[in-house]
Amino acid sequence: MSRANDRVEALLREYAELIAISGQDAFKARAYEKAARAIGGHPVDIAQLDAKGLMDIPHVGRSIADKVLEYLRTGRIPEVEASREAVPAGVRELTRIPGLGPRKALVLHRDLGISSVAELEEALRGEKLRDLKGFGERTEESIRHGILLLRQAGDRILLDAATELAEEIVAELSRIPGCVRCTYAGSLRRMRETIGDLDVLVAADTSEPFMAALTALPATAEVIAHGAKKTSVRTASGVQVDLRVLPPASWGAGLQYFTGSKAHNIRTRELAARHGLKLSEYGLFDAETGENLASETEEDVYARLGLPWIPPALREDRGEIAAALRGELPELVTERDIRGDLHTHTDLTDGLASLEDMAAAAAARGYAYYAVTDHAPDLAMQRMTKEKALAQRDRLRALDRTLRGMRLLHGTELNIGPDGGLDWPDDFLAGFDLCIASVHSHFGQTREAMTSRIIRACENPYVAVLGHPTTRRLGIRPGVDADFDAVFAACARTGTALEVNSHPERLDLCDEDILRAKRHGVKFAVNTDAHATVHLPYLRYGVGTAQRGWLTKEDVVNAWPWGRLHRFLREKRRR
DNA sequence: GCCGTTTTCGGCCCGACTGTTTTCAGTCG
């Protein structure tokens with residue numbers, strides 16, 4: 001199962017929402033939110049902690065510690081369950097709609113009896129909302145738009161949740177006697193940014209124990225189909241998991257087939273057909289004789305088609321087969337290639353861990369360098385000042401002298417204002433080792449204004465990286481409207497790296513934007529934007545996204561040795 | 001509900017934006 005910290009975080013967040021929707025003290029709701037975030041980001045497994053240990057976590061007091069202990073003992077928190085009784089699940093779902101918060105959801109439920117998105121749509125059609133106090137025609141319109149956004153997110157889940165679930169299932173099935181091989185395939189193996197359902201493969205001579213195990217998993221809520229070759233279940237969180245059990249001799253062909261994508265498989269089968277071969281999940285066969293020519297490993301299958309093994313992240317029919325035939329597949333950047341993280345936060349602003357703890361966690365990952373980039377004053381809620389930044393720099397330099405093998409960099413994440421202005425004047429920016437600049441507000445500007453705003457920030461000689469360039473958040477809001485070809489060209493011209501933000505909710509730039517940007521000759525920085533030590537491993541999702549954008553370590557500045565990265569940073573300041 | 005202390009209750013990251021209101025409430029980051 002996932003970390004107890006994550007499960008408790010989800011429960012406390014739900015409780016906070018329920019408190020807010022039922023119209024109780026807003027500060028109480030905030031207290032639960034803060035505790036949820038702190039527990040989710042806490043580096044120690046809370047299952048190991050007693051009451052005192054729990055209360056040492058910031059924002060966790062007696063009351064919440066008791067609820068956590070109750071959860072660890074019984075798997076339940078009675079208060080949360082009681083609140084669920086009082087608020088229909090559909091009402092909570094209403095707050096998923098961007099622009100619709102707990103107060104409006106409460107009014108909708110109390111005055112119109114609305115308790116699902118479907119009922120809300122019905123009321124919208126009848127123009128019933130505009131008569132409610134605090135609502136109007138514009139509100140109706142914004143809710144309609146919000147529902148549209150929610151629908152676009154669909155039923156897909158984020159990469160981190162999918163990865164955790166898949167790894168749990170694979171670990172479980174791998175323990176069963178007779179398991180020759182087990183892994184996940186499908187869009188998760190290709191590291192798509194969101195996942196519709198999970199495909200798990202097992203190589204074994206008998207399938208029944210694996211099928212039975214899947215249906216018996218604690219996460220399984222419903223069995224959709226249960227057969228000898230394939231079993232499908234749905235988890236409590238609504239994710240469909242398909243399990244296929246193959247004879248060990250078909251492993252490679254099966255893995256190739258179930259990894260997809262569909263478009264890639266069509267290409268490979270066409271290629272097979274041109275050679276008088278037939279490719280299926282059981283193997284690559286001679287079309288005439290039916291002789292099995294390759295099936296045990298993916299390498300065998302691709303080789304018999306005259307191709308090198310193609311990394312899953314490239315299997316999207318974006319020219320990878322033609323490139324493979326020419327022997328020009330890119331040597332993709334890997335997680336091991338990344339020498340440092342250039343975008344991270346501490347508890348000086350909105351991070352959860354101290355400078356010392358973040359640096360220690362980074363050093364434990366074997367990084368050669370690591371930048372701390374807390375927010376700057378224009379994000380007013382963070383209350384940053386020059387004095388605080390300078391004090392942090394002193395602490396960081398002192399800490400740096402005690403570290404062996406990892407260089408600490410003092411950076412900042414600047415806010416790109418509506419006109420492209422930044423938080424601090426150039427002479428102060430010059431004191432940082434590196435500056436990231438990102439858009440955090442005013443998302444609704446015109447395309448022209450947004451484009452020139454971002455470009456102006458990139459033209460600042462001290463801005464080394466454009467952070468989460470489109471500012472999208474998956475399932476929450478789309479990216480801003482800007483002429484990104486113009487932005488990418490400006491980045492190439494000014495020597496500004498584009499971030500590939502690894503947070504599973506962002507993955508920004510996305511694969512297709514990376515491909516576009518690369519054609520402009522831009523460099524990239526794959527960063528985590530970590531706000532807690534447990535976020536540093538998000539890097540794998542950013543690297544997966546970079547791979548889907550065909551990036552090599554040549555393209556990624558934080559895959560370079562420090563000397564080269566340092567020259568890159570210096571070069572920009574000299575332009 | 002948590003926190004800090006001015007040790008026992010008052011404040012809780014702050015500001016912008018939007019829409020509905022006519023001085024404010026809700027939402028967002």
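Chain letters run A, B, ... following the sequence lines, proteins first and then strands; every chain starts at 1.
Between A/Arg456 and A/Glu459, none of the side-chain N atoms (NZ, or NE/NH1/NH2) sits under 4.0 Å from a carboxylate O, so this pair counts as no salt bridge. Electrostatic pairing of A/Arg125 and A/Glu122 counts as a salt bridge here, judged by a charged N lying under 4.0 Å from a carboxylate O. Checked for salt-bridge contact, A/Glu93 and A/Arg96 miss the test: no charged N lies under 4.0 Å from a carboxylate O. Here A/Arg3 does not pair with A/Glu9 in a salt bridge; the nearest charged N to carboxylate O distance is not below 4.0 Å. Between A/Glu499 and A/Arg506, none of the side-chain N atoms (NZ, or NE/NH1/NH2) sits under 4.0 Å from a carboxylate O, so this pair counts as no salt bridge. Using a 4.0 Å cut-off between a side-chain N of Lys or Arg and a carboxylate O of Asp or Glu, A/Asp433 and A/Arg397 qualify as a salt bridge.
Between A/His375 atom NE2 and B/dC13 atom C1' there is a gap of 12 Å when expressed in whole angstrom units. One atom, CG of A/Leu106, and another, C1' of B/dA25, lie 13 Å apart when rounded to the nearest Å. One can place CG of A/Leu379 at 12 Å from P of B/dA16, the figure rounded to the nearest angstrom. Straight-line distance from the CZ atom of A/Arg37 to the P atom of B/dC2: 18 Å, rounded to whole Å. Nucleotide B/dG4 holds its C1' atom 14 Å from the CE atom of A/Met55, rounded to whole Å. For the pair A/Asp25 CG and B/dC2 P, the interatomic distance rounds to 12 Å; values are reported in whole Å. One can place NE2 of A/His440 at 18 Å from P of B/dG15, the figure rounded to the nearest angstrom. Whole-Å rounding puts the A/His442 NE2 to B/dC28 P distance at 17 Å.
Between A/His535 and A/Tyr538, the angle of the ring planes stays under 30°, which puts this pair in the parallel group of the 30/60° scheme.
Rounded to a whole angstrom, the distance from the P atom of B/dT23 to that of B/dC17 is 23 Å. For B/dG15 and B/dG4, the C1' atoms lie 25 Å apart once the distance is rounded to whole Å. Rounded to a whole angstrom, the distance from the C1' atom of B/dT20 to that of B/dT5 is 41 Å. For B/dT6 and B/dG11, the P atoms lie 16 Å apart once the distance is rounded to whole Å. Remark: the separation of the C1' atoms in B/dT21 and B/dG10 is 31 Å, to the nearest Å. Spacing between B/dC3 and B/dT7 at atom C1', rounded to whole Å, works out to 12 Å.
Among B/dC12, B/dG29, B/dC2, the nucleotide with an atom closest to any side-chain atom of A/Phe443 is B/dG29. Among the nucleotides B/dG26, B/dA16, B/dG1, the one closest to any side-chain atom of A/Lys104 is B/dG26. Listed nucleotides B/dG1, B/dG29, B/dC13 differ in distance to A/Tyr32; the shortest reach to its side chain belongs to B/dG1.
Within 90° of 0 lies the glycosidic angle of B/dT7, which makes this nucleotide syn.
Looking at heavy-atom distances under 4.0 Å, A/Phe27 makes contact with a base.
Within residues 411-421 of chain A, no residue has a heavy atom under 4.0 Å from DNA chain B. A heavy-atom distance below 4.0 Å to DNA chain B is reached by these residues of residues 84-103 of chain A, ordered by number: A/Pro98, A/Gly99, A/Leu100, A/Gly101, A/Pro102, A/Arg103. At a non-hydrogen distance threshold of 4.0 Å, A/Gly134, A/Phe135, A/Gly136, A/Glu137, A/Arg138, A/Thr139 from residues 127-142 of chain A come into contact with DNA chain B.
A donor-acceptor contact shorter than 3.5 Å links the side chain of A/Arg393 to the backbone of A/Gly431. Side chain of A/Asn5 to main chain of A/His42: a donor-acceptor pair is present (N/O by atom type, distance under 3.5 Å, no hydrogens or angles).
Under the Watson-Crick and G-U wobble criteria, each requiring two contacts below 3.5 Å, nucleotide B/dG10 is paired to B/dC3.
Looking at A/Arg540, A/Arg365, A/Gln547 one by one, the single match for side-chain hydrogen bond (donor to acceptor under 3.5 Å, both in side chains) with A/Glu335 turns out to be A/Arg365.
You'll find the side chain of A/Leu54 reaches within 4.5 Å of the side chain of A/Ile46, heavy atoms only.
You'll find the ring centres of A/His440 and A/His375 inside the 6.0 Å limit.
Distances shorter than 4.0 Å separate some side-chain N or O of A/Arg30 from OP1 or OP2 on B/dC13.
Cation-pi geometry between A/Arg477 and A/Phe443 is satisfied (NZ or CZ under 6.0 Å from the ring centre, within 45° of the ring normal).
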